[in-house]
S.K.: 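Input: one structure, supplied below.
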Protein chains: 2
Amino acid sequence: MQARARERARQILEVTARLLDKVGLDDLTTILIAKELGISVGSLYHYFPNKHAILYALAEDWLASMTAALEEVSESALEECTLDEFVEVLLDKLAKVYQEQEGVLPLVQAMWGIPELSEIDERHDQLVITYLCKMFERLGFACPPNEKSRIARLMLETMHTVLVTITQQQGHRARRTREDLHRMLLAVMDARRADAAPDGLDDIEAP
Amino acid sequence: MQARARERARQILEVTARLLDKVGLDDLTTILIAKELGISVGSLYHYFPNKHAILYALAEDWLASMTAALEEVSESALEECTLDEFVEVLLDKLAKVYQEQEGVLPLVQAMWGIPELSEIDERHDQLVITYLCKMFERLGFACPPNEKSRIARLMLETMHTVLVTITQQQGHRARRTREDLHRMLLAVMDARRADAAPDGLDDIEAP
DNA sequence: ACCTGAACACCGTTCAAGT
DNA sequence: ACCTGAACACCGTTCAAGT
């Protein structure tokens, strides 16, 4: 049955996520995954064409939940929103996604290390950047499109790094780091609302 | 001769750095390194005990040049320095290190992915944090030690992420992203000089 | 249809034998 | 002292044979 097959695929992803968290990317072998599930290696390849495909599927899930969080943010009334409130909502939604993902660290590591995965990572980044740019517009940003996307990427990468850091901190420390992240993002965004930058086209410069 | 041996070791590191930049971490094999140098695999193991040791040595070089840059920063007259000037000098020195390192990206990836390397990475982070904390003091920061080191780590990680981004950007884009990084760091530091935070001990809370 | 596990290719590492 | 390359262990992947 198709239903059984999908159930097995789900089990494989679940076990892989757990093992990833437990043993790390380097020691995650197909044999280990199969053994943990009580099936043979060959059987594993019945559901996924190769090891990377399993990690690929995990990464897709993770990126999808990130997109969902952004979708939620963009549903709030940004037009009548201070930058401060915007950052608050944004960090709230994204922090939850990072907090809930099992083994974020090795997964992120896999996304950087394996070419197939960095490909979807890059595609996903583009998606997030597009989302953020649209929101910037609704927030009344006064800067050219390529500047908006540059800032979006900068914010994306900063949020990523610091949110990963936060998942490794506790209590007060975590809370303060989050406040600092808030400050950093605000500093970048504030600069772009103040300057109605008159330099829209000088990006054409370099190939 | 010892001199010959050291020369060979240097050659191996040089070739590995170039190959790392060219083919990436995944496709970097010991056979490839040996072939590129015109020696046999066995000979390679005469100079380094294993593949990780080669990457380890590369990482050490890179981290050493980072430390050297920080040493230079701490030689300037921080006591009579605005935060703005401090950030300017700091980013100037560090940006050069990132710009000059061949294959920063795969090297960083290796440092995250390989346990031995993440160990020196962590040791190095601690060193940088210590440096930064000392400088914070000279800059007149008013917050408890554990807060200083938390902020140092935050800054370290933010600088790392954004400086890597900058090495992949060009001209105006790179310059603007650097200005934004400047703003972000300033925002975090400013907050700590203003508040003479009265909450020094509440980190004891969680295990 | 789903599963098995021996077999193959490939890579890191070793070591007996060479100069 | 330094080098060689066949040999070994291990892991990802395949496939002929089973239920």
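For the numbers below, each heavy atom of this structure counts, side chains included, while hydrogens, waters and symmetry mates do not. A note on names: the letters A, B, ... follow the listed sequences, proteins ahead of strands, and every chain is numbered from 1.
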S.K.: Figure out the CD1/P separation between B/Ile31 and C/dC10, and round it to whole Å.
M.R.: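 Those two atoms, CD1 and P, are 10 Å apart.
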
S.K.: Is B/Arg183 reaching over with its side chain to a backbone N or O of A/Asp190, donor-acceptor style, under 3.5 angstrom?
M.R.: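 Side chain of B/Arg183 to backbone of A/Asp190, a donor-acceptor pair under 3.5 Å: no, none is there.
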
S.K.: Only pairs with both distances under 3.5 Å count, Watson-Crick or wobble alike; so what is the partner of D/dA1 in this structure?
M.R.: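 Partner of D/dA1: C/dT19.
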
S.K.: Is any NZ, NE, NH1 or NH2 atom of the basic residue among B/Glu122 and B/Arg153 found under 4.0 Å from an Asp or Glu carboxylate oxygen of the other?
M.R.: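 Between B/Arg153 and B/Glu122 there is a salt bridge, with a charged N closer than 4.0 Å to a carboxylate O.
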
S.K.: What integer distance in Å separates B/Leu32:CG from C/dG12:P?
M.R.: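 Taking atom P of C/dG12 as the reference, CG of B/Leu32 is at 9 Å.
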
S.K.: C/dG12 P sits how many Å from B/Lys35 NZ, rounded?
M.R.: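 The distance from NZ of B/Lys35 to P of C/dG12 comes to 12 Å, rounded to the nearest Å.
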
S.K.: Whole Å only: how far is the CZ atom of B/Phe48 from the P atom of D/dC2?
M.R.: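 Whole-Å distance recorded here is 14 Å.
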
S.K.: Please report the distance, rounded to the nearest Å, between CD1 in A/Ile114 and P in D/dG12.
M.R.: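 Atom CD1 in A/Ile114 sits about 11 Å away from atom P in D/dG12.
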
S.K.: Extract from the structure each pairing of a protein N or O with an N or O of nucleotides 4-7 of chain C at less than 3.5 Å, listing the distance.
M.R.:
{"residue": "C/dT4", "atom": "OP2", "partner": "A/Ser40", "partner atom": "N", "Å": "2.7"}
{"residue": "C/dT4", "atom": "OP2", "partner": "A/Ser40", "partner atom": "OG", "Å": "3.0"}

S.K.: Any idea which of D/dC11, C/dC2, C/dG12 is nearest the A/His46 side chain?
M.R.: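 In terms of side-chain proximity for A/His46, the closest of D/dC11, C/dC2, C/dG12 is C/dC2.
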
S.K.: Assess whether a salt bridge exists between B/Asp92 and B/Arg178, defined as any Lys/Arg side-chain N lying under 4.0 Å from an Asp/Glu carboxylate O.
M.R.: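 Looking at B/Arg178 together with B/Asp92, the answer is yes, because their closest N to O distance falls below 4.0 Å.
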
S.K.: If only side-chain N and O atoms of B/Thr30 are considered, is one of them under 4.0 Å from the OP1 or OP2 phosphate oxygen of C/dG12?
M.R.: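 Yes, B/Thr30 has a side-chain N/O under 4.0 Å of OP1/OP2 on C/dG12.
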
S.K.: Of the candidate nucleotides D/dC11, D/dC2, C/dG12, which contains the atom at the shortest distance from the side chain of A/Thr29?
M.R.: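 The closest nucleotide is D/dC11.
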
S.K.: Measuring to OP1 and OP2 of C/dC3, would you say a side-chain N or O of A/Tyr47 lies under 4.0 angstrom away?
M.R.: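 Yes, such a contact exists.
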
S.K.: Take the protein atom NZ of B/Lys51 and the nucleotide atom C1' of C/dT14, then report the distance between them rounded to whole Å.
M.R.: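 Value for this atom pair: 17 Å.
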
S.K.: Charged N to carboxylate O below 4.0 Å: is that the case for B/Arg176 and B/Asp180?
M.R.: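 Between B/Asp180 and B/Arg176 there is no salt bridge, as every charged N stays at least 4.0 Å from the carboxylate O atoms.
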
S.K.: Is any side-chain N of the basic residue among A/Glu137 and A/Lys134 closer than 4.0 Å to the acidic one's carboxylate O?
M.R.: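 Here A/Glu137 does not pair with A/Lys134 in a salt bridge, since their nearest N and O are not under 4.0 Å apart.
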
S.K.: Looking only at side chains, do A/Gln11 and A/Arg8 share a donor and an acceptor under 3.5 Å apart?
M.R.: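 Yes - a donor-acceptor pair under 3.5 Å links their side chains.
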
S.K.: Using a 4.0 Å heavy-atom cut-off across all strands, classify B/Leu28 as base, sugar-phosphate, or nothing.
M.R.: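 B/Leu28: backbone/sugar contact only, no base atoms under 4.0 Å.
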
S.K.: Is any NZ, NE, NH1 or NH2 atom of the basic residue among A/Arg10 and A/Glu7 found under 4.0 Å from an Asp or Glu carboxylate oxygen of the other?
M.R.: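 Counted as a salt bridge, because a side-chain N and a carboxylate O are separated by less than 4.0 Å.
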
S.K.: Taking pairing as Watson-Crick or G-U wobble with both contacts under 3.5 Å, can you name the mate of C/dT14, or confirm there isn't one?
M.R.: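 Pairing partner: D/dA6.
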
S.K.: In whole angstrom, give the distance that lies between atom CG of A/Asn50 and atom C1' of C/dC10.
M.R.: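 About 16 Å, once rounded to whole Å.
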
S.K.: Rounding to an integer number of Å, can you tell me how far B/Leu55 CG sits from C/dG12 C1'?
M.R.: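 Answer to the nearest Å: 13 Å.
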
